[in-house]
Amino acid sequence: MDKVNTSPLHGIWALTNRDLKKWYKVPFIFLMSLIQPFIWLALFGKAMNITALFTGSAFNIPGLNIPKEVVNQIGKQIMLQTFGTQDYFSYLAVGMLTFISIFTAMFSGMSIVWDRRLGFLDKVLSTPVARGAIPMAKVISTVIRALAQAAIVLLLAALLGMDISHITPAGLLGSFLALLLLIVGFASLFVTLAIRSTSWEAQMAVMNLLNLPILFASNAMFPVNYMPTWLQTIAKINPISYAADICRQLLLASPGMSDLSFGFTYLAAFAATLSTLGIILSWRYLSK
Amino acid sequence: MPPKVVEAHNLTKIFNKKVKAVDNVNLEIEQGETFGLLGPNGAGKSTMINMLTTILKPSSGTAKVCGYDIIREAAEVRRSIGVVHQEYTADEDLTGLDNILLCAALYGIPSSTAKQRAWELLELVELKEAAKRKVETYSGGMRRRLELACGLISRPTLLFLDEPTLGLDVQTRVAVWNYIKRLKEEYGMTIFMTTHYLEEADAICDRVAIIDHGKILKIGSPNELKSGLGGDIIEISVNTDKLDLTTLIREIKGVKEVKKADALYRIKAERGEEVAPAVIEAMRSRGLTVSKLSMIKPTLDEVYLEYTGRSLRAEQASEEEMMALRRTLHKARG
């Protein structure tokens, strides 16, 4: 008898590797996935020049001869106290890291719908690969892709003028750990939602319905403090807020919404709960 | 007696508590056989394969595949079988070689062994040249050959082929049959296939079962099934209308039945090709000449129609199945 790997975890890497190959061997898809955050960064981020509202010649009060330095100081303080950094672009750039992460996580669900439709899932089900390995491989490949894309977004942001004076290696590592936890949670959620579905239209609809609201109901683009109370409540439950908050504390040295240890604990609990639940549900569903 | 590779006992699958897709099927397949499951669309062929390959759990009944129970020992079953699905499941964005290696990895085959086997199989199905091209550039026949190679990477005892030539043109279909025969010679696996092309079953199967409405209606070798219809039909005209030759013909060895219609004799015989010369010889020894002779050998088509009926089927396929079928046909022609 031939020697074969019979461990229950075999096949995870094979499946993960397949998804990654599909990604980096098809440059078009790779580029497409970067265009959206780039548009947000370059167009939205640069056009929403909130910083200029409060500083520079744009802001003055007619009749009162307030010295320019005073105006600038006030402007800086408003920015600092609102966004925790002196320019809005840096604030948004960090939010974009969470945006690209959840956007990629949502597509993990899409790819499992296609695997089912094209018969690939049935093929895998007739091999000795453990059922649980199928959702796990999807989550792992999504994490790798999303982190790589987040790194590229961060690089783009730096090139476009993000404030990088506070970035340290430890800060980078911590930020990516927070993003990783966020991606694990969301990828598990979307894989679980998708695994029963054969219709990519339905999956697309769910994605379209969710992607902007979960982003707006977080601090990804605007600080939580200035939201109405009901929205604050949602934003403070939303794990995206914690990931963005941790990244801002570590990359921009902003004062945080909550302290780092609470943020990490919250994200770890989010990731652990959804991935465990997701894998168990998919496993049970696929073993039918 | 060779061991049984498939043993099904009262295997039943009921969908939505009312549709009996497979209804109390009993089936035994011996090692080394090529077994074909024939039936119209929706007869229960795919459900049968899905249960035996452990993708679906039966509603009742049991089956053993390669000696393992399909419910309790599903993992062992999956380890000993290879499956070639009706759909083209290869990943379009990857190369042929990458696809085979992916299958190997799914079976837990170490990569050095996998590479060696992959090239060996690619050689057998003549895809060596195209191995490093993306599958999206492959023709329908090439894709099918790639699927065959993937199905055999784990050297399975039993290979399932679900509609292996669906949508292929005639030349490609015959070529695929030859590849299947060649692979079988090389690896000696048992084959369980479904098809609704009767000439396909006739060309490669040792035994076929006709299934309809979830029930097996008839089982046997293609020849047995054909002779079950009463054998070949020979029609002769003899240049005399005075003599009745019925009794004479009936005495010839191998003749089962003779009917006279004017100067035309309709003879039913087990092996027409042997009986026909004997009939001519018998006429000649009496100074008579056979002026016309025709022979009809019953095809599996007639057997099939005999059991499944001739009425047209109202297609009851879901939208999803239709989409899958369309994709398969599209790729087959690609």
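- Around atom CD of B:Glu120, more than 12 heavy atoms belonging to other residues, nucleotides or ligands sit under 6.0 Å away.
- Residues of residues 127-151 of chain A lying under 4.5 angstrom from chain B, judged on non-hydrogen atoms, are A:Thr127, A:Pro128, A:Val129, A:Arg131 in numerical order.
- A 6.0 Å sphere centred on CD1 of A:Ile164 holds no more than 12 heavy atoms belonging to other residues, nucleotides or ligands.
- Taking each heavy atom of A:Ser126 and B:His85 in turn, the nearest pair found is OG-NE2, 3.6 Å.
- Counting heavy atoms of neighbouring residues, nucleotides and ligands inside a 6.0 Å radius, atom CD of B:Glu129 does not exceed 12 of them.
- B:Thr53 OG1 to A:Lys123 NZ: the interatomic distance, rounded to the nearest 0.5 Å, is 14.0 Å.
- Smallest separation of non-hydrogen atoms from A:Leu125 and B:Thr54: O-OG1, 4.4 Å.
- Heavy-atom contacts from other residues, nucleotides or ligands closer than 6.0 Å to NZ of A:Lys22 number more than 12.
- Contacts of B:Glu92 classified as side chain to side chain contact (heavy atoms under 4.5 Å, CB included), with partners at least two apart in sequence or in another chain: B:Glu136, B:Arg143, B:Lys331.
- When the shell of 6.0 Å around OH of B:Tyr68 is examined, it contains 12 or fewer heavy atoms from other residues, nucleotides or ligands.
- Proximity to chain A is limited to the backbone of B:Tyr88, based on heavy atoms less than 4.5 angstrom apart.
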Under 3.5 Å donor-acceptor pairs involving side-chain atoms of residues 98-105 of chain B, not counting sequence neighbours:
| residue | atom | partner | partner atom | Å |
| --- | --- | --- | --- | --- |
| B:Asp98 | OD1 | A:Lys21 | NZ | 3.3 |
| B:Asp98 | OD2 | A:Lys25 | NZ | 3.3 |
| B:Asp98 | OD2 | B:Thr95 | OG1 | 3.3 |
| B:Asn99 | OD1 | B:Asp91 | N | 2.8 |
| B:Asn99 | ND2 | B:Asp91 | O | 3.1 |
| B:Asn99 | ND2 | B:Thr95 | O | 3.2 |

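- Every residue was checked against the salt bridge (charged side-chain N to carboxylate O under 4.0 Å, His left out) condition with B:Glu186, not counting sequence neighbours, and none meets it.
- Interatomic distance, CD1 of A:Ile12 versus CG of B:Leu106, reported as 12.0 Å (0.5 Å rounding).
- At a threshold of 4.5 Å between non-hydrogen side-chain atoms, the residues A:Asp122 and B:Thr89 do not count as touching.
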